[in-house]
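Below is one structure, written out as structure tokens; comments come after it.
Since the structure is predicted, the reported quantities are computational estimates derived from the model, not experimental observations.
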Amino acid sequence: MHDIRFIREDPAAFDAGLKKRNLAPLSAELLEIDKRRRAAISESEAAQAKRKALSRQIGIAKGKGENADALMAEVEALEATLKQGEAEAKRLDEELTRRLEVLPNLPFDDVPDGVDETGNVEIRRVGSQRNFPFQPKDHVALGEATGEMDFASAARISGARFVFLKKHLARMERAIAQFMLDLHTSEEGGYTEVNPPLLVRDNAAYGVGQLPKFAEDMFHTDNGFWLVPTAEVPLTNLVNDTIVEEKDLPLRFTAFTPCFRSEAGAAGKDTRGMIRQHQFPKVELVSITTPEQSDAEHQRMTGRAEEILKRLGLPFRTIVLCGGDMGPASRKTFDIEVWLPGQNAYREISSCSNCGEYQARRMNARFRPKEGKGTRFVHTLNGSGLAVGRTLIAVLENYQNEDGSVTIPEALRPYMGGLAALPAPTKRK
RNA sequence: GGAGAGGUGGCCGAGCGGUCGAAGGCGGCGGUUUGCUAAACCGUUAUACGGGGAUAACUCGUAUCGAGGGUUCGAAUCCCUUCCUCUCCGCCA
């Protein structure tokens with residue numbers, strides 16, 4: 001949600017931000033609505049002030065037992081203008097909100113220009129791609145060979161874009177999540193583990209910017225709940241409608257949850273395998289900071305997500321998204337892409353965004369500064385730390401052996417009962 | 001699911017048709033006292049929007065007592081709708 005005063009003060013900066021989003025300038029028409037809105041408010045308030053004064057006089061007169069008919073007639077005469085003025089002011093105010101609340105956040109100046117993913121810029125590459133002496137398989141081939149990744153059963157029971165994981169793979173997914181949580185909640189990680197609700201109300205979905213524009217991307221229950229598309233929704237809303245003390249910032253939350261996305265089928269992309277599912281597990285990171293801290297926190301958060309991949313020995317690259325490819329709430333986003341030899345491609349495994357005060361304004365999340373008076377909006381950040389299902393895929397594809405067994409990365413072994421490798425599939429008789 | 005109770009400022013808690021933005025307390029801030037701390041005492045302490053002003057200090061106005069609507073000259077107070085919380089009973093992982 002944008003601050004109309006910011007647009008009033010610097011319409012050129014606003015339009016420049018929209019341009020980075022490949023949107024046409026809007027400041028002129030928004031300010032026109034704002035102008036009419038403010039005029040209507042002034043008019044309406046003047047009438048209200050008059051009524052208030054008269055009503056007070058009526059009260060005083062009646063208190064003294066005097067006749068107040070003349071005064072009451074005066075108020076009566078005001079009635080029409082009053083009602084009309086109020087309605088007009090309200091209508092214009094709502095129109096402005098409706099226009100503003102669907103606009104995306106303004107990218108920072110250092111965000112690259114571009115209309116889609118081709119405009120993204122790689123900023124670093126870590127780890128080296130393994131040289132396979134054989135043709136590496138993708139995760140579907142590996143998982144189905146052992147029967148531990150079962151798409152056929154999932155299709156019978158839930159339809160497309162679901163999967164059953166069994167035995168070692170089920171356990172490894174759990175191991176990965178636990179490894180991530182342990183690192184994030186360690187002293188150097190600094191995050192507080194949270195186990196949030198997975199069903200949320202409209203206001204929570206609105207607060208992070210999912211509503212009103214992206215309703216069709218979420219599952220909805222028939223009694224009015226949204227299934228969370230990411231734990232970002234409940235975690236960020238932990239501070240909605242609250243005022244935190246500056247000394248308590250930053251707040252850092254992490255959660256391991258399933259995520260539910262209904263849009264996953266619509267794109268027609270990644271129809272094969274576990275890459276894009278209606279339900280997937282993810283460890284999420286959320287930070288609440290002061291405006292001054294948010295940029296450093298953004299770097300830090302991205303670093304914490306990268307640390308997971310480093311410890312798992314998975315090669316990855318980090319890119320900064322261009323204006324056209326960023327999520328609407330974000331001012332700047334780093335994507336981390338893991339190398340998948342089975343696909344011969346880097347694939348997104350984390351997305352870390354600094355949302356500035358965009359979400360804070362929508363959910364009314366403020367802090368009380370140590371210096372000065374009043375309150376200010378917090379900055380909110382979120383990132384995957386990491387997508388657990390995709391991490392599982394990455395482990396399978398990067399650590400596979402020619403016989404179909406999979407070496408387990410050292411970091412995960414303590415979580416797998418010391419197991420060193422997932423067994424190769426047994427040959428069919 | 002059944003039966004009740006309630007939602008007031010950063011927090012607790014009064015008020016139940018008329019100068020109520022709202023008593024009192026706590027907390028916060030400023031000060032006095034004090035060797036320091038504590039205690040005591042005095043003062044102060046909401047937010048949003050709009051107008052004026054230098055996009056200042058400040059000032060004027062309007063709104064805000066869960067949300068929305070209604071009654072009334074006037075609503076925190078009355079009525080309706082809705083959301084939420086709590087208690088008891090039932091049911092259930």
>> If you assign A/K50 and A/R38 each to the RNA chain B nucleotide with the nearest heavy atom, which residue ends up on the more 5' nucleotide?
In response: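 Comparing both residues, the 5'-ward one is A/R38.
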> Of A/S42 and A/R366, whose nearest nucleotide on RNA chain B comes first from the 5' end?
Replying inline: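 Per heavy-atom nearest nucleotide, the more 5' residue is A/R366.
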> Which listed nucleotide (B/rU62, B/rG74, B/rG50) is nearest to the side chain of A/A49?
Replying inline: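 The answer is B/rU62.
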>> By nearest atom, which of the nucleotides B/rU62, B/rG10, B/rG50 is closest to the A/R5 side chain?
In response: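 Of the options given, the side chain of A/R5 lies nearest B/rG50.
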Could you tell me how far [M] sits from [N] if I compare only their [atom1] atoms? Round to whole Å.
{"N": "B/rG66", "M": "B/rG21", "atom1": "P", "answer": "16 Å"}
{"N": "B/rG27", "M": "B/rC92", "atom1": "P", "answer": "48 Å"}
{"N": "B/rC78", "M": "B/rC16", "atom1": "P", "answer": "10 Å"}
{"N": "B/rU8", "M": "B/rA23", "atom1": "C1'", "answer": "12 Å"}
{"N": "B/rG70", "M": "B/rG74", "atom1": "C1'", "answer": "15 Å"}
{"N": "B/rA22", "M": "B/rA14", "atom1": "C1'", "answer": "10 Å"}
{"N": "B/rG30", "M": "B/rU37", "atom1": "P", "answer": "13 Å"}
{"N": "B/rG7", "M": "B/rC65", "atom1": "P", "answer": "13 Å"}

[X] has an atom [atom1]; how far is it from atom [atom2] of [N], in whole Å?
{"X": "A/E88", "N": "B/rG50", "atom1": "CD", "atom2": "P", "answer": "16 Å"}
{"X": "A/L71", "N": "B/rG74", "atom1": "CG", "atom2": "P", "answer": "13 Å"}
{"X": "A/D34", "N": "B/rG51", "atom1": "CG", "atom2": "C1'", "answer": "14 Å"}
{"X": "A/Q48", "N": "B/rC60", "atom1": "CD", "atom2": "P", "answer": "19 Å"}
{"X": "A/E45", "N": "B/rU62", "atom1": "CD", "atom2": "P", "answer": "8 Å"}
{"X": "A/R51", "N": "B/rU19", "atom1": "CZ", "atom2": "C1'", "answer": "16 Å"}
{"X": "A/N67", "N": "B/rC73", "atom1": "CG", "atom2": "P", "answer": "14 Å"}
{"X": "A/D93", "N": "B/rA63", "atom1": "CG", "atom2": "P", "answer": "15 Å"}

Base, sugar-phosphate or nothing for [X]? Non-hydrogen atoms, less than 4.0 Å.
{"X": "A/K90", "value": "sugar-phosphate"}
{"X": "A/K62", "value": "base"}
{"X": "A/I58", "value": "base"}

Residue-phosphate contact under 4.0 Å: [X] side-chain N/O, [N] OP1/OP2:
{"X": "A/R8", "N": "B/rG50", "value": "yes"}
{"X": "A/K52", "N": "B/rA63", "value": "yes"}
{"X": "A/R37", "N": "B/rG50", "value": "yes"}

> Strictly under 6.0 Å, is that where the ring centroids of A/F162 and A/H278 end up?
Replying inline: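 When the ring centroids of A/F162 and A/H278 are compared, they turn out to be within the sub-6.0 Å range.
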>> Using ring centroids (six-membered ring only for Trp), state whether A/F14 and A/H2 fall under 6.0 Å.
In response: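 Between A/H2 and A/F14, the centre distance is under 6.0 Å.
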> Cation over ring, A/R390 on A/F280, under 6.0 Å and within 45°?
Replying inline: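 The answer is no, since A/R390 fails at least one limit relative to A/F280.
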> What stems, by residue range, does RNA chain B take part in, given at least 3 consecutive Watson-Crick or G-U pairs under 3.5 Å?
Replying inline: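 RNA chain B stems, ordered by first number: B:1-7 with B:83-89, B:10-12 with B:24-26, B:27-32 with B:40-45, B:46-52 with B:58-64, B:66-70 with B:78-82.
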> Name the one of A/K332, A/R331, A/K20 that satisfies salt bridge (Lys or Arg N to Asp or Glu O under 4.0 Å) with A/D110?
Replying inline: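 That would be A/K332.
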>> Checking side-chain polar atoms at under 3.5 Å, does A/T380 have a donor or acceptor matched by the opposite partner on A/Q359?
In response: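 Their side chains do contain a donor-acceptor pair, which is all the 3.5 Å distance test asks for.
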> Is it true that the side chains of A/N354 and A/S294 contain a donor and an acceptor less than 3.5 Å apart?
Replying inline: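 Yes - a donor-acceptor pair under 3.5 Å links their side chains.
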> For A/V378, does its backbone N or O pair with a side-chain atom of A/E357 as donor and acceptor, under 3.5 Å?
Replying inline: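 No.
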> Below 4.0 angstrom, N of the basic side chain to O of the carboxylate: do A/R37 and A/D34 qualify?
Replying inline: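 Judged by the 4.0 Å cut-off on N to carboxylate O distance, A/R37 and A/D34 do form a salt bridge.
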>> For a quick test of reading the model, state the closest non-hydrogen atom pair linking A/L249 to A/T289 and the distance between them.
In response: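 Scanning both residues, the minimum pair turns out to be CD1-C, 4.1 Å.
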